[in-house]
Asks: 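One structure, as structure tokens, below. Some questions next.
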There are 2 protein chains.
Amino acid sequence: MLKEERQKYILDQVHLHHRVLLNDLADFLDVSIDTVRRDVKELAKEKKLKKVHGGATSFGFMNFTKDDGNIYLQSKKIQIAEKTVSLLSEGQVVLMSGGTTNMEVAKMIPRKLPLTVFTPSLHVAMQLLELPEVEVIFLGGKLLHEAKFAVGGTVVNALNQLRVDLCILGTGYLDAEAGLTEFDWEVIQVKRAMIRAAKKTIILSVSDKLHSVQKFQTCDLTAVHTLVTELDPSDPMLDAFRPFDLHLI
Amino acid sequence: MLKEERQKYILDQVHLHHRVLLNDLADFLDVSIDTVRRDVKELAKEKKLKKVHGGATSFGFMNFTKDDGNIYLQSKKIQIAEKTVSLLSEGQVVLMSGGTTNMEVAKMIPRKLPLTVFTPSLHVAMQLLELPEVEVIFLGGKLLHEAKFAVGGTVVNALNQLRVDLCILGTGYLDAEAGLTEFDWEVIQVKRAMIRAAKKTIILSVSDKLHSVQKFQTCDLTAVHTLVTELDPSDPMLDAFRPFDLHLI
DNA sequence: CTACTTTTTGCAAGTTTTTGCTGTTTTTAG
DNA sequence: CTAAAAACAGCAAAAACTTGCAAAAAGTAG
């Protein structure tokens, strides 16, 4: 194997995983650890990657990502948020769930757009209050410590008496067969009520979460009207969802 | 696992939850507590986070209360909060309003004290959720943009069906003759309902606000059971309030 | 083809970094 | 004040790194 090839592989791995272990590289490339070490040293000198004790990382590695794991996720969420915001129009009454993707949506709503938003998420509510033209109504109830999300009978009852234009459901797990799934039973109850209360339901999902299934089902895909991902609507990854009467953007 | 990965995880957790325990980190990352300690020490030296006894916190933590700039005021509020916390006991069901003094109370509640707290204040709710033993129930409704406080019929109705041990009313204006006064009519409605729902009502007031009168009256002093100020209970400034059947501390 | 140089690679010895463990001191909470 | 938890300092083993060197591979010129 050529040195060029080796270094290309190393760079690819760094770009893909944002970090590599020298041992793994030596193992895979079937050369001594010293050779890999020298390669990485060279690449580091050319500023193509950053050498650290025991491995190498990409440059933006230490940048903060709210979502444990990878930095690309954040930019995907921003893309999704952009598409979602484009679906909103003046005067609408909207229901928003919690989750980091919905937070991005909240951040991205134009300052001048008048909306009425109901939400059971403390974080989303907090963010929405930055917008002077948005009337924020919090769906009160028992708050979950981790998610800072209100659950329980109070929330569900309030939702049952509500009729809104749009429901925007954030982070959930999505699969063509299993539909929308969650691991928290209490959250499910709230999300179901949210879907019932809305004329249309939009689901936001980064492509990583497509085809993932969790413990409990919130609803199946027939209950959903629009699916927003960071992918192009024609992407083959979305093929499994085409049989449903879904609007993909 | 690379040191960089560990440190990135630590930083992400700090940013996400505003505070982390070294034990939790060591546990999750599957390294000794010393290693985590060293990592946190390094990150602290780089000003990426703040090291505290037993864990680490992010820098901007709890900065959503705009600093009133006045250090004396702040320390007075802390004194009041200390006194107030001493009035709480295990298992109580408490109602808390908003305001900066109440925020101090929320910060000061012991981590191990089990309570159930109802509140219409986003900030107070957010702060209380840091305490694992406190069940937080948000009184949902239309949120005021400035105060981040829920008002309106929904809140009042919920309160009318509630019966709690204690109501802690934060920043209001207090005068022996005029009683408790406010300038926001909607907030008044909520505070009245809060007082009705509680067996006992505690009022927190820095001495600066004693003998001030606002536009509308929330209630008169006969509805209040305890008045907490930063002053000594024997202070002559409190003389005007002694004719009432008030507990001064 | 051969002799020579240059580059690349692996190895070994010694150094540095990292990590967990020890016992001791400091801080915290009841 | 006392007991428990956390922080600290020093040590030792393991892992990673460095350097120098020699063998193998590749290139070059006569």
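Computed from a prediction, not measured in an experiment: that's the story for all the values here. Residue numbering restarts at 1 for every chain, and letters A, B, ... go by the order of the sequence lines. These values consider heavy atoms only, across backbone and side chains, with no hydrogens, waters or symmetry-generated copies.
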Asks: Once side-chain hydrogen bond (donor to acceptor under 3.5 Å, both in side chains) is applied, what residue pairs with a partner in residues 83-94 of chain B remain, sequence neighbours excluded?
Replies: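 The answer is none; no pair qualifies.
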
Asks: Only pairs at least two apart or in different chains count here, so list each salt bridge (Lys or Arg N to Asp or Glu O under 4.0 Å) that has a residue in residues 7-19 of chain A.
Replies: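 Output for this query lists A/Lys8-A/Asp12, A/Arg19-B/Glu5.
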
Asks: Between which nucleotides of DNA chain D, 5' to 3', does chain A make heavy-atom contacts below 4.0 Å?
Replies: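 Extent of the interface on DNA chain D: D/dA16 to D/dT18.
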
Asks: Taking the ring centre of each residue, are A/Phe138 and B/Phe138 less than 6.0 Å apart?
Replies: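 Ring centroids of A/Phe138 and B/Phe138 are less than 6.0 Å from each other.
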
Asks: Check salt bridge (charged side-chain N to carboxylate O under 4.0 Å, His left out) between B/Glu135 and all other residues, then give those that pass, not counting sequence neighbours.
Replies: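 Salt bridge (charged side-chain N to carboxylate O under 4.0 Å, His left out) check on B/Glu135 returns nothing, list empty.
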
Asks: Using whole Å, what does the distance between atom P of nucleotide C/dT7 and atom CG of A/Leu2 come to?
Replies: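 The answer, rounded to whole Å, is 16 Å.
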
Asks: Compute both the distance and the angle, then confirm whether A/Lys50 meets the cation-pi test with A/Phe59: under 6.0 Å from the six-membered ring centre, within 45 degrees of the axis.
Replies: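 Geometry flag: not set, cation outside 6.0 Å or 45°.
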
Asks: Mind checking B/Val52 for me? I need base, sugar-phosphate or nothing, with any heavy atom below 4.0 Å counting as a touch.
Replies: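 Counting heavy atoms under 4.0 Å across all strands, the contact made by B/Val52 is with sugar-phosphate only.
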
Asks: Tell me, please, which residues at least two apart from B/Asp220 pass side chain to side chain contact (heavy atoms under 4.5 Å, CB included).
Replies: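 Side chain to side chain contact (heavy atoms under 4.5 Å, CB included) list for B/Asp220, sorted by chain: B/Gln217, B/Thr222.
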
Asks: Taking side chain to side chain contact (heavy atoms under 4.5 Å, CB included) as the definition, give me every residue that meets it alongside A/Lys41, ordered by chain and number, with sequence neighbours left out.
Replies: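 Not a single residue meets the side chain to side chain contact (heavy atoms under 4.5 Å, CB included) criterion with A/Lys41.
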
Asks: Hey, is B/Glu104 close enough to B/Lys107 for a salt bridge, meaning N to O under 4.0 Å?
Replies: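 B/Lys107 and B/Glu104: salt-bridged.
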
Asks: Whole angstroms only, please: what is the NZ-P distance between B/Lys41 and C/dT18?
Replies: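 Atom NZ in B/Lys41 sits about 14 Å away from atom P in C/dT18.
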
Asks: Holding to side-chain hydrogen bond (donor to acceptor under 3.5 Å, both in side chains), I want the full list of residues that pass it with B/Thr201, two or more places apart in sequence or in another chain.
Replies: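 With neighbours one apart ignored, the set is empty.
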
Asks: Using whole Å, what does the distance between atom P of nucleotide C/dG30 and atom CD of B/Glu90 come to?
Replies: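 Atom-to-atom, B/Glu90 to C/dG30, this comes out as 12 Å.
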
Asks: Under the side chain to side chain contact (heavy atoms under 4.5 Å, CB included) test, which residues partner A/Asp27, sequence neighbours left out?
Replies: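 With sequence neighbours excluded, A/Asp27 shows a side chain to side chain contact (heavy atoms under 4.5 Å, CB included) to no residue whatsoever.
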
Asks: For DNA chain C, find the residues of residues 3-10 of chain A with a heavy-atom distance under 4.0 Å and give them by number; none if there aren't any.
Replies: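 Contacts with DNA chain C under 4.0 Å: A/Lys3, A/Arg6.
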
Asks: Note the angle between the end axes of the helix from C/dC1-D/dG30 to C/dG30-D/dC1, five pairs defining each, rounded to 10 degrees.
Replies: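 Inter-axis angle at the termini of the helix from C/dC1-D/dG30 to C/dG30-D/dC1: 40°.
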
Asks: Kindly say whether B/Thr229 contributes a backbone atom to a donor-acceptor pair with the side chain of B/Ser205 at under 3.5 angstrom?
Replies: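 Pair absent, no side-chain N/O of B/Ser205 close to backbone of B/Thr229.
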
Asks: Checking side-chain polar atoms at under 3.5 Å, does B/Lys148 have a donor or acceptor matched by the opposite partner on B/Ser121?
Replies: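 Per modelled atom types, B/Lys148 and B/Ser121 side chains form no pair under 3.5 Å.
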
Asks: Could you run down the sub-3.5 Å N/O contacts of the protein with nucleotides 20-23 of chain C?
Replies:
from: C/dG20; atom 1: OP2; to: B/Ser32; atom 2: N; distance (Å): 3.1
from: C/dG20; atom 1: OP2; to: B/Ser32; atom 2: OG; distance (Å): 2.9
from: C/dG20; atom 1: OP2; to: B/Thr35; atom 2: OG1; distance (Å): 2.0
from: C/dG20; atom 1: N7; to: B/Arg38; atom 2: NH2; distance (Å): 2.6
from: C/dC21; atom 1: N4; to: B/Asp34; atom 2: OD2; distance (Å): 3.1

Asks: Provide, to the nearest angstrom, the distance between the CG atom belonging to B/Asp39 and the P atom belonging to C/dT18.
Replies: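 Result: 10 Å.
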
Asks: The criterion is side chain to side chain contact (heavy atoms under 4.5 Å, CB included); which residues satisfy it with B/Val52, sequence neighbours excluded?
Replies: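 Result, side chain to side chain contact (heavy atoms under 4.5 Å, CB included) vs B/Val52: B/Thr57.
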
Asks: Whole Å only: how far is the CZ atom of B/Arg37 from the C1' atom of C/dT27?
Replies: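 It works out to 12 Å between those atoms.
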
